[in-house]
Structure formats: C-alpha cells, structure tokens
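Before any comments, here is the structure.
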Amino acid sequence: MSTNEQIAASANGQPVLIRTPSRLAGNGESKGFIHALPAWIVSGVIHAVLLSLFLLVTVNSATNAALTEQSVIETKIDDATTDANLTNEDIGNNPDLQTNYDLDRKAEVSVPGPVDANAAVGILNAPEGAPQTVAPPPGLGEGQGGGIELTGVTSGKGALQGIAGGYNGVYVPGGFTGRSGGTRERMVEQGGGNSKSEAAVARGLKWLSLHQADDGHWSLDGFHTHGKDANGRKIGNCGCQGRGTTSNDIAATGFGLLPFLAAGETHKPNPASRNNVHYNKNVELGLKYLMTKQNPGDGDLGGGMYSHGIAAIALCEAYGLTGDPMLKSHAQRAIDYIVRAQHAAGGWRYTPNTPGDTSVVGWQVMALKSGQMAGLSVPGATLKGAEKFLDSVQTSDGGGYGYTDNNATPTMSAVGLLCRQYLGWTPRNPGLLNGVARLKKTPPGALDSMYYYYYATQVMHHMGGESWTEWNTKMRDALIERQDTGNDLKHPHQLGSWNPARDAHGGVGGRVMLTSLSTLTLEVYYRHLPLYRREMGGAKEMAAK
C-alpha cells in the first residue's frame with residue numbers, strides 16, 4: 001500500500017479498494033516436456049515462434065500507425081503576432097530536446113476522431129458518490145469543496161448552442177481550442193482578460209515549474225523542498241511558506257499540471273508557439289509520474305476519489321490536446337475507474353461505491369466531460385446517474401445545492417450549477433437563472449474561498465452578459481492584486497504564487513493548490529470555450545476561420 005493510500009485509509013476509517021494484480025503461473029510439466037525433446041526440434045520450434053511474433057508485431061505496428069494517423073484531426077490555427085504575454089521569462093527548459101513520446105504534435109491543438117456537430121455534449125449518465133474525508137484540499141470543510149459535473153445523451157444539449165469556429169470550423173462548446181496561440185489572444189480580449197491577467201498567469205506557471213520534484217510530481221506539503229532557481233538549478237529548501245497539511249502527491253500533481261494544459265502547454269513542443277518559455281518538459285514529467293502511479297489493473301491513480309478525479313482531468317486534457325496514443329489507454333482507464341466507482345444513487349465520494357457528495361461529484365463529472373471532449377468512451381448512464389444525484393441535493397428552485405442534502409452553501413451551489421451547465425441546462429433554465437442570482441449575492445471578495453471562486457467564475461463565464469462583466473472585473477483584479485510579488489526578502493521564492501493563509505481550504509491544500517486554482521481562474525477566458533451561443537466581439541471572425 002502506498003503512503004497516500006495509508007493516509008486515506010486512516011483518515012476515512014473505511015476499507016480501501018484492494019488491488020489484485022494478475023499473475024502468470026509457471027508450468028513445470030511444460031518445462032520438463034521441452035527439455036525431453038531433441039535439441040533440433042526445440043530449436044526449430046523456438047525459431048518458428050520468434051518469426052511469428054516478428055510478423056505479428058510488424059503487422060500490428062503498421063495497423064496502429066495507420067489508425068493513429070486517421071484518428072488525429074489537425075486543427076488549423078492562424079498564426080499569432082504575439083503569444084498572450086506568456087513570453088516573460090525563460091525558465092531554462094530546452095525546447096530542442098526531444099520528448100520520449102512517439103507521436104509528433106500535429107498542430108497547436110488536435111482532437112482524436114471526427115467531430116460530430118450533432119452529438120450531445122457532456123458525459124452520459126454520470127454516477128453519484130458519497131463524501132468522506134479526503135486528502136486533497138477541496139472536500140474538507142463540510143461541503144466546501146467540489147468540482148464540475150457533466151452529462152450526455154439528452155444531457156449536454158445546452159452545449160449545442162455554440163457558434164461555428166473551433167475544431168475544423170466546428171465550434172465545440174466547452175472544448176479546448178481556445179487555448180491555442182492567436183485563438184487564446186482573441187478569447188482573452190473578448191472575454192475580459194488583459195495584459196496584467198496574462199502576466200499573472202505567466203508568473204503562476206513559472207512558480208509551479210520551479211517547485212516540481214525531479215521525478216515530475218508536485219507536493220501539497222513538501223513543495224518547498226523542490227525549489228529551483230530561475231535557471232532551473234535545484235536549491236533544495238526554498239523557504240516558501242504555506243505548506244498544506246495533506247500529503248497527496250497525486251492530487252498535487254494534477255493541480256500542478258492543469259494550469260499548464262489550460263495555457264495550451266503540453267508535453268509536445270509547440271512548433272507554432274512564439275513563447276520564449278517552454279514547459280513541455282515539466283508537463284511530460286508530470287504526466288509520466290501519473291502514468292507510473294496508475295494501477296494497471298483497475299486504472300486507479302491513487303490517493304482517493306478526489307485526487308483521482310483531478311489527475312484524470314489532466315490526463316484527459318493532455319490526450320485531447322495532443323492525440324498522443326501513449327496517453328489514451330491511461331486516460332481511458334482513469335475514466336473507466338470513475339464509472340465503476342459510481343454509487344447506485346448516482347454520486348461519488350472519497351472511496352468507490354459510497355454515497356456521494358456534491359464536492360467529489362464535481363471533480364468526477366469534469367473528468368468525464370474532459371474525457372468525452374477528448375474522444376474517449378464515457379457511458380451515458382453514468383452521466384444520467386450524476387443528474388440523479390444533483391436532483392437529490394438541489395433546493396426547490398433549482399438554484400442552490402448542498403453537500404449531501406439540499407442545505408445549500410455558496411460553494412456547493414457553484415459546483416452544482418457548473419455541473420448542470422455541462423449536463424445540458426440552457427441559459428434560460430429557471431434553475432440556472434435562480435442559481436446565478438444566488439451567486440451574485442456572494443460576489444468576489446465576500447468569501448475567503450478560492451474553491452468557491454474557481455467554480456462560480458466558470459458558471460458566470462459560460463452565462464456571459466452583464467453578470468459576467470461585473471463578476472470578471474472584480475475577480476480578475478482581486479487575483480492580480482493578491483498574487484505574491486516577491487517583495488518579502490525572507491521569502492523571495494514565493495513570487496508568482498498565492499498565499500493560502502486566509503483561505504478556507506488553504507490549510508489543507510496549501511500554496512500549490514491556491515496557486516493552481518487562482519491561475520486556472522485567470523485562464524477561464526480560454527480554458528474552455530463558452531457553452532452557450534452569444535454575440536462576442538470577433539465571434540463572426542472566429543466562425544469564418
């Protein structure tokens with residue numbers, strides 16, 4: 001049992017999932033028979049077997065190569081004159097060094113498989129689950145945690161209200177193409193970002209890159225021991241404060257990877273990028289770490305359902321952005337584990353098949369949605385189950401959500417509403433409108449909870465209009481102002497991060513979690529394309545591309 005699993009077991013007081021690796025037993029009788037044969041017969045048999053294996057591998061390799069070539073759709077993205085202010089500093093990664101992946105990056109963004117403009121967007125039939133005490137940050141605090149939820153089939157139809165543009169001219173609501181080059185720049189401008197917000201993102205990415213362990217993982221409680229100088233040289237303990245109380249490297253690595261992926265940075269060097277900063281090595285190491293930690297049998301990434309959901313999102317996004325076949329099996333197994341872990345009532349919690357809570361459900365739904373957008377297999381029944389769970393924890397007007405019942409809190413309401421948007425609620429849905437009105441009563445600055453703002457900002461972003469404009473201005477400027485400037489001479493290595501001291505979950509997730517959620521919130525303009533049709537500046541131009 002790993003360290004994370006021991007902690008989860010002791011904190012939850014519940015039995016953990018027992019992994020039973022498959023074993024191939026040897027056959028002594030067969031060995032004796034082979035030794036009894038004349039040497040020339042044995043030699044002939046061996047050569048015949050080796051020749052057959054060689055032919056089989058050759059044919060399969062050619063077939064897989066052909067399938068891979070057909071399944072990756074290159075996305076044409078117009079060149080950008082600048083690259084969204086992510087060119088501030090070079091952290092020392094060498095972009096000329098090749099990664100250990102076989103597939104070249106075909107374009108700034110590629111999506112596996114053909115895009116069906118008429119297909120429902122979302123995760124089909126998502127299950128429910130029950131909450132426990134989880135190691136990752138969000139979730140501890142009696143309903144102050146969460147993620148996003150999505151559905152498919154009939155769910156997700158709200159996402160079909162997008163405009164043209166995006167993957168090969170087909171706008172994929174909630175999709176990844178807003179993260180690339182010139183598209184990202186337009187999304188920043190149209191969505192309400194500015195040069196200061198993008199500079200803050202650049203500083204956040206740099207801080208994360210300088211606090212990654214040599215084996216690729218990030219740590220909630222030990223990141224200070226992985227400090228590096230501006231040139232990438234290891235310095236050991238950097239003196240950063242704000243270490244989390246939770247030891248969960250799977251969750252931390254997911255949090256570390258997501259902001260890079262949101263900015264369009266993958267493990268593949270981007271030939272069209274004009275960035276002076278190259279983070280493909282950081283992303284590659286992080287992805288490798290997650291893949292090596294995944295149970296090859298059941299797909300569990302470890303650390304409990306919270307951390308599994310967060311890390312699964314990273315794997316799915318990385319696959320969706322690159323189409324790299326090496327990632328596909330790992331991402332699909334991570335999705336399959338979520339499907340099997342769903343409780344009969346439709347939710348998820350800290351351990352598989354236990355009654356769900358809205359916080360844990362959010363992360364699983366977002367993982368399912370990310371998998372679906374990446375072209376992976378997501379059962380419709382699983383998404384339907386998630387809808388069933390949300391029905392059980394919503395208020396009578398549909399605008400509020402509780403942790404395990406309908407005793408609504410701002411954070412759980414934000415999680416539930418974002419799930420509903422991905423599951424198919426249209427912008428005119430009365431429950432969604434009631435929910436947006438509810439979120440307005442807890443605007444930026446009203447709570448010390450980055451977890452709440454992470455979800456509420458996404459809800460408002462997809463809604464658009466005056467609600468988004470007012471919310472964005474306050475949220476954007478507050479995050480820029482709160483980012484560490486490095487003026488503290490005793491802790492200069494905190495430059496670019498966010499202080500978790502006053503945050504409701506900061507004690508659990510620490511500076512890594514706060515920096516990740518804050519950076520992701522400033523990347524909201526391009527991380528996911530808007531779910532609903534709306535007239536934005538440049539929308540027609542985007543459609544024409």
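The two residues C240 and H211 come nearest to each other via the heavy atoms SG-NE2, 3.6 Å. When all heavy atoms are compared, the tightest approach of M460 to S467 is SD-CB, 4.4 Å. Considering all non-hydrogen atoms of both residues, L432 and T426 come closest at CD2-O, 3.4 Å. The minimum heavy-atom distance linking L205 with F260 is given by the pair O-CZ, 3.3 Å. L261 and A314 get closest at one heavy-atom pair: CD1-O, 3.4 Å. Between T411 and S449, the shortest heavy-atom contact is OG1-OG, 4.1 Å.
Defined by atom type and a distance below 3.5 Å, a donor-acceptor pair is missing between the side-chain atoms of S197 and R476.
Tested against M366, the residues I313, I310, V361 include a single side chain to side chain contact (heavy atoms under 4.5 Å, CB included) partner, I313.
Side-chain N or O atoms of N248 include one that pairs as donor or acceptor with a backbone N or O of G303 at under 3.5 Å. In terms of modelled atom types and a separation under 3.5 Å, the side chain of T473 and the main chain of E470 share no donor-acceptor contact. A donor-acceptor pair is defined here as one N or O able to donate and one able to accept, closer than 3.5 Å; such a pair exists between the side chain of T395 and the backbone of G400. E265 contributes no side-chain N or O that, together with a main-chain N or O of V283, makes up a donor-acceptor pair within less than 3.5 Å. Counting only distance, with no hydrogens or angles, the side chain of T409 and the backbone of G402 share no donor-acceptor pair below 3.5 Å. Between the side chain of S516 and the backbone N or O of V512 there is no donor-acceptor pair closer than 3.5 Å. No donor-acceptor pair under 3.5 Å is formed between the side chain of Q212 and the backbone N or O of L208. Distance alone, capped at 3.5 Å, places no donor-acceptor pair between the E523 side chain and the V201 backbone. Side-chain atoms of Y453 come within 3.5 Å of backbone N or O of L447 as a donor-acceptor pair. With Q332 contributing its side chain and L376 its backbone, the two residues share no donor-acceptor pair below 3.5 Å.
Note that CG of N406 and CG of D391 are 12.0 Å apart. Values are rounded to the nearest 0.5 Å. How far CG of N499 is from CZ of R511: 4.5 Å, rounded to the nearest 0.5 Å. Expressed to the nearest 0.5 Å, how far OG of S307 lies from CH2 of W363 amounts to 11.5 Å. Here the CG atom belonging to L368 is positioned 5.0 Å from the CD1 atom belonging to I338, to the nearest 0.5 angstrom. In this structure, CZ in R420 is found 4.5 Å from CH2 in W425, a value given to the nearest 0.5 Å. The line from CG of L517 to CG of L522 is 11.5 Å long, rounded to the nearest 0.5 Å.
Contact annotation: the side chain of L417 never approaches that of Q421 to less than 4.5 Å [non-hydrogen atoms, C-beta and beyond]. In this structure, L520 and R527 have side chains that are in contact, with non-hydrogen atoms separated by less than 4.5 Å. Residues Q458 and V524 form a side-chain contact, since some pair of their non-hydrogen atoms from C-beta on lies under 4.5 Å apart. Within the 4.5 Å cutoff, no side-chain heavy atoms of F255 are placed close to those of T515. Using a 4.5 Å heavy-atom threshold, the side chains of T354 and M305 count as separate. At a threshold of 4.5 Å between non-hydrogen side-chain atoms, the residues L479 and M450 count as touching. Under the 4.5 Å side-chain criterion, counting only non-hydrogen atoms from C-beta, N194 is in contact with I480. With a 4.5 Å cut-off on side-chain heavy atoms, D477 and K196 do not count as touching.
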Pair M412-Y403, side-chain contact (heavy atoms from CB on, under 4.5 Å): steps then yes or no
CA-CA 6 Å; M412 292 302 96; Y403 189 49; 3.8 Å; yes
Please walk me through it: do S359 and Y306 pass side-chain hydrogen bond (donor to acceptor under 3.5 Å, both in side chains)?
CA-CA 9 Å; S359 179; Y306 260 117; 2.2 Å; yes
Start with the C-alpha distance between Y452 and L439, add both sets of side-chain angles, then the distance that settles side-chain contact (heavy atoms from CB on, under 4.5 Å), and finish with yes or no.
CA-CA 10 Å; Y452 164 68; L439 296 183; 3.8 Å; yes
Y525 vs E198, test: side-chain hydrogen bond (donor to acceptor under 3.5 Å, both in side chains). Steps then yes/no.
CA-CA 10 Å; Y525 313 108; E198 284 295 270; over 6 Å; no
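Between H462 and Y532, the ring-plane angle classifies as perpendicular under the 30° and 60° cut-offs. Ring pair Y422/H528 is perpendicular by interplanar angle, where above 60° counts as perpendicular and below 30° as parallel.
A search for salt bridge (Lys or Arg N to Asp or Glu O under 4.0 Å) contacts involving K440 returns nothing, not counting sequence neighbours. Under the rule for a side-chain contact (heavy atoms from CB on, under 4.5 Å), the partners of Q483 that lie at least two apart in sequence or sit in another chain are A200, R203, W498.
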